[in-house]
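To find a chain, count down the sequence lines: A is the first, B the second, and so on, and within it residues start at 1.
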2 protein chains.
Amino acid sequence: MNQINIETKTKFLRGFADKTRIQILDCLKNGEKPVSQIVKEINGNQSNISQHLACLKGCGIIRGRQEGKYVYYSLRNAQVKQLLQMFDDVLFTVESDVRDCDMNDVCLSSKERSLVHD
Amino acid sequence: MNQINIETKTKFLRGFADKTRIQILDCLKNGEKPVSQIVKEINGNQSNISQHLACLKGCGIIRGRQEGKYVYYSLRNAQVKQLLQMFDDVLFTVESDVRDCDMNDVCLSSKERSLVHD
DNA sequence: GATTGATATTAGCAACAACTAATATGAAGG
DNA sequence: CCTTCATATTAGTTGTTGCTAATATCAATC
C-alpha cells in the first residue's frame with residue numbers, strides 16, 4: 001500500500017505553499033535552529049513564525065525538540081531535504097522553459113499579478 | 001545564478017497545494033488528456049477544472065496544446081513528473097514516521113481537523 | 001453563416017489562511 | 001517563589017482562494 005491518501009497529500013503540500021514557510025525551510029536546510037534564530041534570520045514576527053512552525057510540523061515537514069528553554073526545529077528527514085533541493089532544480093528548468101512563453105497572469109492574486117509585471 | 005526568486009518559488013509550489021489540482025496532476029501523470037476527459041475522470045465541474053488548469057499552467061506545472069476543438073494538457077516535462085513521484089515517496093516515509101507521533105491538529109482547518117480524527 | 005460541442009472567462013459568494021497584538025505557558029536562574 | 005527569556009496560543013481582522021452558475025469564445029460541421 002504505497003497509495004497515499006489525497007487529503008494527507010494535500011495537507012503535506014500545503015505546507016510548502018507559503019512564502020514565510022519557504023523562508024523558514026530555507027533557513028533550516030543546513031541544520032536545526034532555535035525559534036529565536038529563525039525569527040531573527042528571516043526578520044519575522046515571533047507569533048507569526050511560531051504559527052508557521054506549528055503548521056510545518058503539523059504537515060510532517062519539520063520536527064521540533066525542546067532543550068531547556070529553547071525549541072530546536074529541523075527538517076524532518078533527509079528525504080525532505082532532498083525534496084527541497086529538487087524544488088530548486090525543477091524550478092530552475094521550468095523557469096527558463098517558461099519565461100518567454102506562458103507563465104503569466106493566471107492563478108495569481110492581485111498582489112502576485114502586480115509582481116509579475118515589473 | 002541557480003538562485004530562484006522566492007515569489008516564483010511560492011507561486012510554483014502553490015500550484016500543488018490544492019486537492020483538485022493534485023487530482024488533475026495525478027490524472028495527467030501518464031500522458032496528455034483533453035479537458036473533457038479530465039473533467040470526467042475526476043468527476044468535476046467544467047468551469048472549476050478549467051480554472052485549475054489555468055492555474056497549473058500559470059504556475060508552470062502543466063502545458064496545454066490545442067488541436068482542433070480539443071485542448072490537451074500534460075505535465076510540463078519529465079522533471080515535473082519526477083517531482084510528483086517524489087511527493088509520493090517522501091509522503092510514504094513521512095506518513096509512517098509521523099503517524100504515531102505528532103502529525104496532529106495544528107495548521108488544520110476545522111474541516112481538516114475533523115478528517116484527522118476518524 | 002447558424003448550430004453544436006469544447007473550453008474559457010466573469011462575477012459573486014463562502015470558506016480559508018495569514019497577519020498583528022495581546023496574553024499565556026513554561027523553563028532557568030536569582 | 002519571583003523574574004526573565006523563549007515559545008505558544010488566542011482572538012479578531014483582512015486578504016486570498018475556490019466554488020457555482022451564467023455567459024462568452026472559438027473550432028468544426030452542416
Side-chain angles (χ1 to χ4, degrees), chain A residues 7 10-11 13-24 32-59 62-74 102 104-116, chain B residues 6-7 10-11 13-24 32-59 62-74 102 104-115:
Chain A
E7 316 285 346
T10 307
K11 180 147 71 72
L13 293 174
R14 262 201 167 289
F16 300 101
D18 177 87
K19 189 176 159 182
T20 305
R21 291 197 292 275
I22 288 175
Q23 288 179 287
I24 292 174
E32 67 174 16
K33 289 186 184 155
V35 178
S36 46
Q37 190 176 344
I38 299 171
V39 171
K40 216 185 305 163
E41 282 190 35
I42 78 185
N43 206 352
N45 166 300
Q46 183 269 322
S47 164
N48 189 222
I49 300 295
S50 183
Q51 287 173 74
H52 281 299
L53 286 167
C55 174
L56 287 164
K57 188 173 161 199
C59 293
I62 65 175
R63 54 164 89 241
R65 86 184 163 84
Q66 178 136 17
E67 188 179 311
K69 63 182 182 174
Y70 297 93
V71 179
Y72 293 88
Y73 283 97
S74 55
D102 54 14
N104 297 313
D105 48 25
V106 237
C107 182
L108 302 177
S109 66
S110 45
K111 193 171 40 168
E112 287 168 324
R113 220 181 302 272
S114 71
L115 283 162
V116 166
Chain B
I6 188 163
E7 317 285 347
T10 308
K11 179 148 69 77
L13 293 174
R14 264 197 168 291
F16 300 100
D18 177 86
K19 189 175 157 183
T20 305
R21 289 196 294 273
I22 289 175
Q23 289 179 285
I24 292 174
E32 68 174 15
K33 287 184 185 156
V35 178
S36 46
Q37 189 176 346
I38 300 171
V39 170
K40 215 184 306 165
E41 282 191 32
I42 77 185
N43 205 352
N45 165 301
Q46 183 269 322
S47 162
N48 189 224
I49 300 295
S50 183
Q51 286 172 75
H52 282 298
L53 286 167
C55 173
L56 286 165
K57 187 171 161 199
C59 292
I62 64 175
R63 55 164 88 240
R65 86 182 163 83
Q66 178 136 18
E67 189 180 311
K69 62 181 182 175
Y70 296 93
V71 179
Y72 293 88
Y73 283 96
S74 55
D102 54 15
N104 297 316
D105 49 25
V106 237
C107 180
L108 302 177
S109 66
S110 45
K111 193 171 39 168
E112 286 169 324
R113 219 182 305 271
S114 70
L115 284 162

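Looking only at distances, no side-chain donor or acceptor of B/R14 sits under 3.5 Å from a matching main-chain atom of B/C59. No donor-acceptor pair under 3.5 Å is formed between the side chain of B/Q37 and the backbone N or O of B/V39. In this structure, the side chain of B/E67 does not engage the main chain of B/K69 through any donor-acceptor pair within 3.5 Å.
The side chain of A/S36 sits closest to D/dT7 out of D/dT7, C/dA18, D/dA8. For B/V71, whose side chain is taken as the heavy atoms from C-beta onward, the closest listed nucleotide among D/dC19, C/dA8, D/dT7 is C/dA8. Looking at the side chain of B/Q51, the nearest of the listed nucleotides C/dA6, C/dT10, D/dT9 is C/dT10. For A/V35, counting side-chain heavy atoms from C-beta on, the closest listed nucleotide (D/dA8, C/dT9, C/dT20) is D/dA8.
Computed from coordinates, the B/E67 CD to D/dC26 C1' distance equals 16 Å when rounded to whole Å. As a whole-Å value, the separation of B/Q46 CD from D/dA24 P is 15 Å. As rounded to whole Å, 9 Å separates atom P of C/dT7 from atom CD of B/Q66. Regarding B/N43, its CG atom lies at a distance of 11 Å from the P atom of D/dT20, rounded to whole Å. Atom CG in B/N48 sits about 14 Å away from atom C1' in C/dC13, given to the nearest Å. Taking atom CZ of B/R65 as the reference point, atom P of D/dA27 lies 16 Å away to the nearest angstrom. Between the P atom of D/dA6 and the CD1 atom of A/I49 lies a distance of 16 Å, rounded to the nearest Å. As a whole-Å value, the separation of B/K40 NZ from C/dG5 P is 14 Å.
Contact record, B/G58 with B/K11: O-NZ, 3.6 Å, taken as the closest heavy-atom pair.
B/R21 has a side-chain polar atom (N or O) that falls below the 4.0 Å cut-off from OP1 or OP2 of D/dG18. The side chain of A/T20 contributes an N or O atom lying less than 4.0 Å from OP1 or OP2 of C/dC19. Residue B/H52 places at least one side-chain N or O closer than 4.0 Å to OP1 or OP2 of D/dC19. Of the side-chain N and O atoms in A/Y70, none sit less than 4.0 angstrom from OP1 or OP2 of D/dA8.
Counting heavy atoms from C-beta on, the side chains of A/R65 and A/E32 come closer than 4.5 Å.
When each of A/N45 and B/Y72 is assigned the nucleotide of DNA chain C with its nearest heavy atom, B/Y72 is the one assigned upstream, toward the 5' end. Mapping A/S47 and A/K69 onto DNA chain D by nearest heavy atom places A/K69 at the nucleotide closer to the 5' end.
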